[in-house]
S.K.: 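For reference, the structure I am asking about is given below.
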Amino acid sequence: MRNFLAIYSKEMRSYFVSPVAYVIAGVFLFLSGYLFRNILMQFNYWCLQFSQRQQFAQAGMPNLNLNEMVVTQFFSVMDFIWLMVVPMLTMRLFAEEKKSGTIELLMTSPISTTQILLGKFFAALSLYTVIVALTIVFCLILEVYGDPDWGPIWSAYLGYLLLGGTFIGVGVLASSVTENQIVAVLLAFGTLLLLWLIDWSASFAGPTAAKILSYLSIIQHLQDFQRGVIDTGDVVFYLSFIFFTLFLTTRVLESRRWRR
Amino acid sequence: MIEVRELSKQYGDVTAVDSLSFRAETGQIMGFLGPNGAGKTTTMRMLTCYLPPTSGTASIDGFDIGEDSLEVRRRIGYLPEQPPLYLDMTVEAYLGFVARIKGVPSARLRSSLDDTMQKTGVTHVARTVIGHLSKGYKQRVGLAQALVHSPSVLILDEPTVGLDPKQIIDIRETIKSLRGEHTIILSTHILPEVAMTCQKVVIINNGRIVGEGSPESLTAQLKEGEILRAQIAGPKEAVQALLASVPGVLDVQHEDAAAGGIFLVTTAPGQDVRDPLAKAVINNGYGLRELRSMDMSLEDIFLRLTNEERVEA
Amino acid sequence: MMKTYATPISLVGAVLIIAGVLALVLAPGMEWLPVVNAGSGLLLVAFAGILNPDLFRHYGRWLNAFWGGIMVFAILVMVNFLANRYPQRLDVTEGKLHSLAPLTVQTLEALEVDVEAIAFMEGGTNESLRSLLEQFTVHGKGRFSYEFVDPDRDPERTRDYGVRNYNTLVIGAGPDTRQRLTELTEKEITNALLKVARNRREVVYVSVGHGERGFSDNEHDMKPLLERLQEIDYAVRDSLFLAREGEVPQDCSALLIAGPRSGFLPTEVDAVRRYLARGGAVFLLLEPLYTTGLEELLGEWGVEIGDDFVIDTSGIGSLFGLDFTIPVATKYDAKHPITRQHRSGVMTFYELVRSVRLDSTAIATIGADAAVLVTTSEASWGETDLSVLRESGGEQTVSLDDNDLQGPVGLAVAVHDTAGAGGRLVVFGDSDIATGRYFGLQGNGDFVLNALSWLAEDESLISIRPREAGYRPIALTEGQSDWVFWITVILYPGAVAVLGFVVVSRKGRWSVKDLAAAGLGVALSLGVLASLNYLGDRYHLRVDVTEDGVYTLSTETRQVLQQAEAEGKLIHVKTFMSDLEGGRYQDVMKEFGYITPNFEHDIVDPQKEALQVRQYDVRERGTSIIEVSGDGTVATERITAQSEGALTNAIRRALVADERVMAFTGGHGEGELTSVDGDGFSIFNGRLKELNLEIETNVKLGKDPLDHVSLLAILGPKTEFSAQAVDAVRQYLHRGGDLLLMVDPATVSGLEDLLRDDYDIDIGDNFIVDLSGLGKLFGADVSVPVVISYADHPITEGMTRGTMSFFPWARSVAATSRVGGATELLHTDRNAWGESDLGVVRGDGGEVDYDADSDYPGPLSLAVAVTVDADSAAEGESTRIVVFGDTDFASNQYFGQQANGELLASAVRWLAEGEGNLDIPVREPRFNPINLVGNAGSTVLWLSVFVLPFAVALSGFVIMLRRGYATYSSGFVSWLVYNFVAIAIYYFIVAVIGASEGSILRGEGLLLLAMLCAGIAHGLFYRRSLAWPLALATAVANAGLSFVVIPEDTLQFVFTALSIANVCILVWIRQDFQSAAGTEPTSVPA
C-alpha cells in the first residue's frame, strides 16, 4: 500500500508542479464556461419569449425545464471536450518514463507493476476529478438564477467519473505501449473516437451486430446518467471497461520483461 | 555477496551473454570490464531483475533473481548508464520518493536521506530542480538514488561516463569510500578507473569472460616478457639488427619518431637486458637518448585479451 | 556627458516624426497638430545630430531596413486594390454553374420580339447584375438590351415605369407587356423573359370528385406542381367536377386526372372521350388497386394498364433508403420529345406504381404514334398478387411467380393521334410522382412538367430546367457496399498495421511462449467481462433520481406488463415516425422494454418503409401499431397519442381483445360492408380491421342470439324492425351492450320510441337544408349540411377546428335531456333548418322553404353519443350508444372526403373501447425557467468564462515562476518589462489616433506617456534604481487612466486589474532594485 501511495503522490506532485495540469484545467474551464454561458443564454432567451407570449398556448415551444434544457445539454457537450483533453493528461504517464529511462528505476525497485499502474491511474483520475469538480460553479450559478433538480446533476457527475476512468484507462494503455508521447496521444485519441462513434455504424449492421455495436459505444451508456437514471448495467459496463484496460496495461508492462 | 552461474541471454539469434559465471565477495569492489556491446549492461539488467535471463541464474545474498526477485530488488542499488532522474522534481523530493519505493521505513527516511546526500555531496542543491543541475550533479544524484536505501549490493553501470576529469575523481573517491559496506559491481570501459578502484576484475567480450582476477594477478599471468623502450639516433636497419643481436632479446619493433627512432625490445620474462643493450649501442657509436622498461599495462592486457586492433591513443 | 543623451533625444524625435506623419496620413484634413509633432521631431533629431555627429552612422543600418519594409508594404496594397477592382472569373465547375443555363440561352435565342431591361439601381450601378445582363446581351443576338438608371437622378422615368423601390429590374417588350422583378437572379430574369416573349396562356383543368389528389400543402398533394405551373404562366382550374359539368370546357389545353380512387361515371367517361376526339390532351396518373372506369377508353387508345404493382429488386432504391416497392427508373425513350432531354442516370421514383403497356394493334387501327416513355430495370416485375396491399396484417412476402409480368416493366406511355384530330394522351402508372414528397426528387419534377408541356403543345418549354450544382449520383448495390466496407475498414488499415508490426517487432524479438500466455490471459479476462456485462445488462436495477420521476413508470403499467408476461404474451410495438421525433415517447418505450423482456419496440421511418405504411394503412405520422401475440392469436391495437397511458391502455385492450364481437344487422336494406361501389362500405370495413373486433354480418334481430355480441351496428335500415326485433335490442341494451345506429331521412327504423323513452335520444322526422354556403366549396348543394363545430367528447376530440364533415341527405338527432351521459356531437350552421316536408326526398314534389311552425330551426344536432349505466348486475358495466342522422356520409364515395371517415372510425373506437380505461398521469419534467435580467447575463459571462480559468492559470503561473526563475523577482521583473512595453505601444496608437482627431490631450499627452512607459521598461530591464519609483507612479496612473483611454467596459476591468497587479508586484520586489542596481540580470546559476 505504501508503494502505491508513493507513486500516487509523486505523480500528483509532478502534475501540479508542471504546467500540464494548469494548462489543461484553464483551457477546459474556459471552453466549458463559454459553452455553458451560451446554452444558458439560449435557454434564457426562450424563457423570455415564452413569458412574453404567455397569453396564447405556444405549442411549438420546447418544454421549458431547466434541467433538461441546460444541465443535460451542458454535460453532453462537455464529454466531447474531455475526449480531446484526457489523452494529453495520460500521454506522459509511461511514455515519458521510458524515454527518460526512469522506467528502469521503477522496474528494478521492490514494487509490483500493478502498484505502479494503479498509482499512476488514480493520480490521473484525481486530477480529472478535480477539474470536473470545478465545473460545480456552473451548477451553483444555476442554483442562484433558477432551481435545478440536483438528482440528475449528481448522477451526471457519477457518470462523468466513470467515463473519466474509461478515458484514462485507454490513455494509460496507449501510454504504456510506446516511448513516444505523440504516438501515445494519437493512439488514445483514435481508440476513444472509435468507441465514441461505434454505434453510428450500428444502423447499417445486422440486428445482433447492431445490438452489440450500440452496447459497446461508451456514450450510449452515459445518456441514462445525464438524464438522472442510474442503471447498474451501465455502471458494470464502465467498471469492466476500466478493469480490462488496466489489465491489458499490466500485461504490456510485464511484456517489457520478455522482450529486450 | 553476488554469485552468477552460467547466466546467458539470447535476443532471437543474437547471444548477448553466453553462460557467464563469476562471484563477487561481500564488501568487494569488482570491476566489470569490456568494450561497448560486450554484454555488460545486459548482465547488469539481468542481475537487477529488469530482464529475465534466457538460461542460468544468479543469486544476491543467497536470493535467486528468478524466484524471489522482490527480495533481490530490495537488496540492490542500481545506477544505470543513464541516471533515472525525474527532471521536474527537486533533488530532495526525488530521493525521498526513491527511498519510499525502495522500502526505506518512514522512521529512518529523513536520516538516510541526509547522510546519502552528504555522502554524495549534493546537500547544498537539495532544493534545486534536478533539471537545472549540471551533468556532474545529476550523476551524483543518480548515485545517491542507488545508495539511499543502503543496499547490500551496488551495481553501477559506467558511473563516470561523460564527466569532466575533476568530477570523475570525486565520483571515484566516493565509490572507494563505500568499500567494505557494500558489494559493488562497477562496469566501465575506462581501464585506469578499474586499476585504481577495483580489487577484482572480470573482463568480458562478446558475452564471454576472457579474464578474471585482481589487476596485479592478471598482469602477472599474462606477462610473457619484459618490454624495453629505447630511443636511439642512427640508421634504422643497422640499429635494429644490432639490438636483435643482443642475447635475450626476442623481438624488436621500430617506431619512427621525430628525434631518432623508437625501438620496442621484447625480452624473455625475468631477464633484464638493459645493461648489455646500452653497452652495445654506445660501442657502435649510436646516441642512446632513452631506455626504460614498460610493465604490461592493463590496456595491453585488455588489448591482448580482446585482440582488438590497436586503438589509436 | 551630453553625448550620452544624444541617443534618447534622437529616439524621442523619431517617435514624434512617426506620430506626426501617421496622424497626417490618417486624417489629411487636420492641419497644425501633426505638423507641429513632425516639426519638433525633426528639430530634436537635428539637435541630437549636433550633439553626437557619429549618431547617424549608427542609425544608417536601421533606416534602410525601415524604408525597405515600407516599400514592400506599399506594393502589396497596390496589388490587392487592382485584384478586386477588375476580377476575372473562370468557371471551372463541370455544371457551368456560373454561366447561363441552357434554358436561358435557348429562351434568348428563341426571342422573336425586342426586349429591353431597365435596372433601377441604388447609386446607379450593380457589378454582378451588370456582368449577368452582359451575358444576356451576348446570347440575345441584338434582341436583348439593358440600361442602368439611378432613381435619384431620374425620378420621372422611375415613376412612369411604376417602380416604387430601389434595386428593381423592369423587363418589357413594349409598354403593355412589362414584368417588374426585385429578385435579381438568372432564373427570375429568364422567367420574366418567358412571360414577356410568349403571348398565349395555357389553361390546365384538374378533375375532382373521384378522390383525386388536391393542391393542399400536405405531402400527399401536388402543391409544388401547382407552383411550377404558375411560374411558367399556366392557368390552373383545380375543380372540374365532370359529373356536374358534363363536358370538358373549350379553353382546356390539358386535362389532369391525378390518382382517381373511385370510378368515373359513364357520362364522365364519354365527356373525356369526346374531348380527346376533338383534339384534347389528357394527363392520367393512376394508382395500383383502384379501378377508374376509364380502362375501356384507354383500351381504345391502345393503352393497357396492368392490375399489378411493380417490385424493383435492383437495390438502387436502397441508396435513398427506399424499399423494393418504390421502383427507380433510369432508362427513357430517346426519341420522344418528353424524355428526349433526360440524360441517362437521372432517376425518377414511383411509389407503388402499376405497369402500363401499349397494344400495338389498337394503335395501328387509330393510326396514332405512341411510345413507352420510361421502363424499369430487368431486376423488377409487375406483382399481380395484390393481397399484400389489401389487407393489413403484418408483413407478408412477395415473390416473382409465373402470372406476374416479367421485367423490364413500362411505367408511362404517350399516345398522339396524328391521323385524327391530334388528341394527345399520357398515362403514368403512379400519381405519387407529382406529389410534394416526390416532385422535388431528382428527375420527377422535370418529367411531369415536360409531359404537361408536350400535352399543351408548347414544345418551346421542354428542356431541362436550370439545374443546381452538377448532379452526380452513385448507386451502390448491397454487394458493392459490403465490398467497400471490407476494403476501407478491415483490409487496408489491417495491411498497414501488419506491415508496421513486422517492421517494429523485428528488433523486438518476442518469444512465442510468453505471447501465448499473454493471449490466453487476455482471452480469459474478456470472457469473464463479457459474461459479467451480459448479466449486468440482463438483471439490472434502475434508480430514477429525478425529482419529477420522469423515468419511472406507473404501477398500473407495471401490472399490465407483468400480466402480459404471466400470460406469455409477446408485445411488439411499431411506431411510424423518424427516430429524431418523439424523444420522450421513445424514452417511455425504452423503460417499458426494461421492465419486461416480452416488450419490443422499433421505430419505422414512413419515408423509407412505404410498403409497411401501406400494409398497416398508416395515415398519420406518429401512429403506433401494437401487436400482442401469444398462444396462436395476434391482437393489434392502434394509437396515435404518444403517451404512457395510451400505450398501456392499448396493451390492456389487446390482452382482452378476443372476447369482443361486432355484429352488423341485415335484412332491412342496411349498407353492404363488402360492396366496393360508391354507396358500399368496403373502405369502412377495411378500417374496422384495425380495431381487432370479430365482425359478424347479416344478423337477424330477434332471431339470432345477441348475448355474445359486445357492439351492435345498424347501418341505415330502409324498412321498420319488427316488434320482437326491437325487444331483442332493448334487452341487449339493458344488458350493457353498445349500439351504433345510422338512420337516413324519410325512413322509420322502429327504434325511435325505445331510444326516446329509455335514452332521451330524439330522431327528428325531417331532412336538413343548409343555406350556410359552406357546401359550395366543393360543389355540394343545400341538401348537404356541412358541419365544422364539434362537441368536446372523446369521439370528436381529435377533430381540429376547421375540418369539415358533410352529410348528404341527413336528419336531425338531438338529446332531449342534458342530464345523464348524453352529448350532441355535431351541430350544423345557424342558418340550416330541419325541413319537415319530406316530399322532396320521396321524390313526389313539395318545395323547400322554412315555415316556422313545422320545421326545426338551426343549428341542429346531427349525431348524439350516450353513456348510460346498465341496470344489469355487472357493476361498472355501462351501455354506450351513438346515433348518426345520416348513412351515406360514411359510404365509399364520401368516406375519404375531409373528416367523414375519421368521425365514424373514432365513434366505433369509442364504442369498442369499453370500460376500465386507466388514466395514467403524463410525467413531464416540470416547468422551471430561469430569468437572467439586466446585467445578470454579463456577470455570468464574467464568472464562468473569465474569472475561473484566469484564477487557475494564475496559480499555475505563480508555480511556474517559482521553478522557472532562480528567484521570484527576476521572473516578475521580466513580466513587468513586457507589461510596460505593451502599454507603451497601446498608448502610442491611441495617441496617433488622438492627434489625427486634433485633440491635444489625447494626442500629445498619451504620446508622452507612451515614451515614459518605454523608458521605464528599459530602466526595469537594466534594474536602474530610478526606474522603480517611476514604474510605480505610472502603474498607479494607468489604473486611473484606463477609464479614459479604453473604450470598451469589460476591457477597462482587465486593464485596471493588470495595473493594480503591477503595483503589488513592484512593491513586492522593491529590495531587488535597491541592492542590485546596475548589474546585469542574473542568469541561472551554473
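So that the names make sense, note that chain A is the first sequence line, chain B the second, and so on, each numbered from 1.
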S.K.: Are the side chain of B:Arg73 and the backbone N or O of A:Ser109 linked by a donor-acceptor pair below 3.5 Å?
M.R.: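 Yes, the answer is positive, given that a donor and an acceptor are paired below the 3.5 Å cut-off.
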S.K.: Quick check for you: to the nearest 0.5 Å, what is the distance between A:Arg13 atom CZ and B:Phe97 atom CZ?
M.R.: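 Separation between the atoms: 9.0 Å.
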S.K.: In terms of heavy-atom pairs under 4.5 Å, which option from B:Gln82, B:Gln145, B:Glu81, B:His149 contacts chain A the most?
M.R.: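 Among B:Gln82, B:Gln145, B:Glu81, B:His149, the one with the most close pairs to chain A is B:Gln82.
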S.K.: Restricting to non-hydrogen atoms, name the atom on A:Ile111 and the atom on B:Leu70 that form the minimum distance, rounded to 0.1 Å.
M.R.: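 Closest approach of A:Ile111 to B:Leu70: N-CD1, 4.2 Å.
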S.K.: Would you give the length of the straight line joining atom OG1 of A:Thr108 to atom CD1 of B:Ile101, rounded to the nearest 0.5 angstrom?
M.R.: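 The OG1 atom of A:Thr108 sits 8.0 Å away from the CD1 atom of B:Ile101.
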S.K.: Taking side chain as everything from C-beta outward and backbone as N, CA, C, O, which of these in B:Leu85 sits under 4.5 Å from a heavy atom of chain A? Side chain, backbone, both or neither.
M.R.: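 Backbone only.
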S.K.: Going by atom types alone, do B:Arg100 and A:Ser9 pair a side-chain donor with an acceptor below 3.5 Å?
M.R.: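 Indeed, the side chains of B:Arg100 and A:Ser9 share at least one donor-acceptor pair under 3.5 Å.
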S.K.: Taking side chain as everything from C-beta outward and backbone as N, CA, C, O, which of these in B:Tyr94 sits under 4.5 Å from a heavy atom of chain A? Side chain, backbone, both or neither.
M.R.: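 Answer is side chain: those atoms of B:Tyr94 sit under 4.5 Å from chain A.
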S.K.: Calculate, to the nearest 0.5 Å, the distance between atoms CG and OG1 belonging to A:Leu105 and B:Thr48 respectively.
M.R.: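 It comes to 11.0 Å.
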S.K.: With a 6.0 Å cut-off (strictly less than), is the heavy-atom count around CZ of B:Arg74, excluding the residue itself, greater than 12?
M.R.: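 Yes, enclosed.
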S.K.: Rounded to the nearest 0.5 Å, how far apart are OG of A:Ser14 and OH of B:Tyr86?
M.R.: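 One gets 8.5 Å once the value is rounded to the nearest 0.5 Å.
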S.K.: Do you know which two heavy atoms are closest between A:Gly101 and B:Pro84, and how far apart they sit?
M.R.: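 Answer, listing the atom of A:Gly101 first, then B:Pro84: O-CB, 3.8 Å.
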S.K.: What part of B:Glu71 lies closer than 4.5 angstrom to a heavy atom of chain A: side chain, backbone, both or neither?
M.R.: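 For B:Glu71, no heavy atom lies under 4.5 Å from chain A.
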S.K.: Please state whether the side chain, the backbone, both or neither of A:Ser112 comes within less than 4.5 Å of a heavy atom of chain B.
M.R.: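 Answer is neither: A:Ser112 stays 4.5 Å or more from chain B.
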S.K.: Between atom CZ of A:Arg2 and atom OG of B:Ser106, what is the distance when rounded to the nearest 0.5 Å?
M.R.: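 A:Arg2 atom CZ to B:Ser106 atom OG measures 5.5 Å (nearest 0.5 Å).
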S.K.: Checking side-chain contact (heavy atoms from CB on, under 4.5 Å) for the pair A:Glu104/B:Arg45: CA distance, chi angles, key distance, verdict?
M.R.: CA-CA 9 Å; A:Glu104 284 191 57; B:Arg45 281 203 170 139; 2.7 Å; yes
S.K.: Let's go through A:Ile103 and B:Tyr50 carefully: what are the C-alpha distance in whole Å and the side-chain angles of both, what is the deciding distance for side-chain contact (heavy atoms from CB on, under 4.5 Å) to 0.1 Å, and is it a yes or a no?
M.R.: CA-CA 10 Å; A:Ile103 195 80; B:Tyr50 182 50; 3.6 Å; yes
S.K.: If I measure from the heavy atoms of chain A, does B:Val72 come under 4.5 Å with its side chain, its backbone, both, or neither?
M.R.: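 Interface part for B:Val72: neither.
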S.K.: Measure A:Ile116 against the heavy atoms of chain B and call it side chain, backbone, both or neither at under 4.5 Å.
M.R.: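 The answer is neither part of A:Ile116.
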S.K.: At a 4.5 Å cut-off on heavy atoms, which part of A:Gln115 comes close to chain B: side chain, backbone, both, or neither?
M.R.: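 Interface part for A:Gln115: neither.
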